[in-house]
**Student:** 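Quick one: the structure is below, questions incoming.
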Amino acid sequence: MTAPTTRSRENTRARLLEAAAQVFAEVGLEGASVENICERAGFTRGAFYSNFESKDALFLELTSVVAAARLETIRARIDAFVARGMLGSDLDALELVHQIMETGMDDRLDVMLMSEIRNHALRSPLFAEAYLVQEQKMTASIEGIIRGIVDSGTFSLRVDVSTAAHLLTSIWEGTMVRCAISGFDGEKLHRAGGAALADMVGLLLAPGHSAEASSTS
């Protein structure tokens with residue numbers, strides 16, 4: 001396969017995934033059809049089936065893409081802090097969470113899509129198995145990010161890194177869903193998620209590493 005052909009195929013897959021994310025968020029997996037997705041992306045059914053075996057196969061890949069994008073955003077922001085020498089006593093943990101979370105692009109469609117992914121995992125044992133594998137990888141990556149920050153000496157935790165990762169993930173997801181249901185959108189939705197995470201970080205910080213301690217050190 002030549003380079004232009006490969007790029008064209010990758011572009012087609014990316015457009016189908018983007019269109020599918022919108023359709024799935026709007027009407028759910030069961031309500032979405034291959035025709036809906038193709039129409040939104042501007043392709044034929046032939047283009048769809050030359051890239052994905054089924055709607056479920058596309059949906060599963062989409063969950064992986066969404067998770068990877070979220071992690072990449074967080075990693076990039078933390079790398080920027082490291083490069084600028086901001087991971088240390090001059091930046092407290094609560095402010096770190098706020099600044100990282102405020103760089104994302106979460107909106108109501110993102111929250112609806114993630115909710116649809118979890119709902120489908122509840123309904124489909126086969127999809128649930130694959131989803132749990134991806135979720136474990138996601139959690140492991142988040143643990144790695146937290147461990148890196150802790151090892152940098154920015155702060156220490158009251159609990160182990162694994163527990164912290166699960167608590168932060170749960171509080172963020174729950175807050176985003178509640179706020180989306182309440183009608184929050186755009187910046188307001190994202191700031192609410194960041195604030196909830198910052199509150200949880202405050203509870204997880206070990207004595208001597210509170211926001212006050214960091215700001216006066």
**Student:** Out of curiosity, F43 CZ to E39 CD, how far, rounded to the nearest 0.5 Å?
**Tutor:** 13.5 Å
**Student:** Strictly by salt bridge (charged side-chain N to carboxylate O under 4.0 Å, His left out), give each pair with a member in residues 45-57 just once, sequence neighbours left out.
**Tutor:** E35-R45
**Student:** Taking atom OH of Y131 and atom OG of S64, what is their separation to the nearest 0.5 Å?
**Tutor:** 12.5 Å
**Student:** Return yes if some donor-acceptor pair links the side-chain N/O of R40 with the main-chain N/O of A19 below 3.5 Å, else return no.
**Tutor:** no
**Student:** To the closest 0.5 Å, what do you measure between SG (C179) and CZ (R191)?
**Tutor:** 13.5 Å
**Student:** Tell me yes or no: between the side chains of N11 and S8, is some donor less than 3.5 Å from an acceptor?
**Tutor:** no
**Student:** Would you name the heavy atoms of F48 and C38 that are closest together and state the gap between them?
**Tutor:** CB-SG, 3.6 Å
**Student:** Using a 6.0 Å cut-off, check whether atom CD of E173 has over 12 heavy atoms from anything other than its own residue.
**Tutor:** yes
**Student:** Restricting to side chain to side chain donor-acceptor pair (under 3.5 Å), what partner residues turn up for E72, sequence neighbours left out?
**Tutor:** none
**Student:** What are the two closest heavy atoms between G193 and W172, and how far apart are they?
**Tutor:** O-CD1, 4.0 Å
**Student:** Are L62 and Y49 linked, directly or through intermediate hydrophobic residues, by side-chain heavy-atom contacts shorter than 4.5 Å (ILVMFWY only)?
**Tutor:** yes
**Student:** Under 4.5 Å between side-chain heavy atoms, counting indirect links through other Ile/Leu/Val/Met/Phe/Trp/Tyr residues: same cluster for I142 and V159 or not?
**Tutor:** yes
**Student:** So, for L58 and A20, which heavy atoms are closest and what is the spacing to 0.1 Å?
**Tutor:** CD2-CB, 3.2 Å
**Student:** Measuring from atom CD1 of I181 to atom CE of M112, what distance do you get when rounded to the nearest 0.5 angstrom?
**Tutor:** 10.5 Å
**Student:** Which atom names give the shortest non-hydrogen contact between R13 and N51, and what distance separates them?
**Tutor:** NH1-O, 2.5 Å
**Student:** Are L122 and N119 close enough that some pair of their side-chain heavy atoms sits under 4.5 Å apart?
**Tutor:** yes
**Student:** Taking the six-membered ring for Trp, are F24 and F59 ring centroids under 6.0 Å apart?
**Tutor:** yes
**Student:** So, taking the atom named CZ in R178 and the one named CG in L189, what distance separates them when rounded to the nearest 0.5 Å?
**Tutor:** 12.0 Å
**Student:** Do L157 and I146 have side chains that get closer than 4.5 Å, going by heavy atoms?
**Tutor:** yes
**Student:** Under the 3.5 angstrom rule, does the side chain of N36 hit a backbone N or O of A32 as a donor-acceptor pair?
**Tutor:** no
**Student:** Is the side chain of S124 donor-acceptor paired with the backbone N or O of H120 at a distance under 3.5 Å, no angle test?
**Tutor:** no
**Student:** I'd like to know whether CG of L203 has more than 12 heavy-atom contacts from other residues, nucleotides or ligands below 6.0 angstrom.
**Tutor:** yes
**Student:** So which heavy atom on L113 is nearest to which on A25, and how close?
**Tutor:** N-CB, 3.9 Å
**Student:** Check whether any side-chain heavy atom of V111 sits under 4.5 Å from a side-chain heavy atom of M114, and report yes or no.
**Tutor:** no
**Student:** Search all heavy atoms of S115 against all heavy atoms of V177 and return the closest pair with its distance.
**Tutor:** OG-CG2, 3.8 Å
**Student:** Enter the distance from E116:CD to L29:CG here, rounded to the nearest 0.5 Å.
**Tutor:** 5.5 Å
**Student:** Can you tell me which residue among L60, L16, V34 is in a side chain to side chain contact (heavy atoms under 4.5 Å, CB included) with F52?
**Tutor:** L16
**Student:** Please check: side-chain N/O of R158 versus main-chain N/O of L205, any donor-acceptor pairing under 3.5 Å?
**Tutor:** yes
**Student:** Side chain to side chain donor-acceptor pair (under 3.5 Å) for D160 and T163? Distances and angles first, verdict last.
**Tutor:** CA-CA 6 Å; D160 60 86; T163 299; 2.9 Å; yes
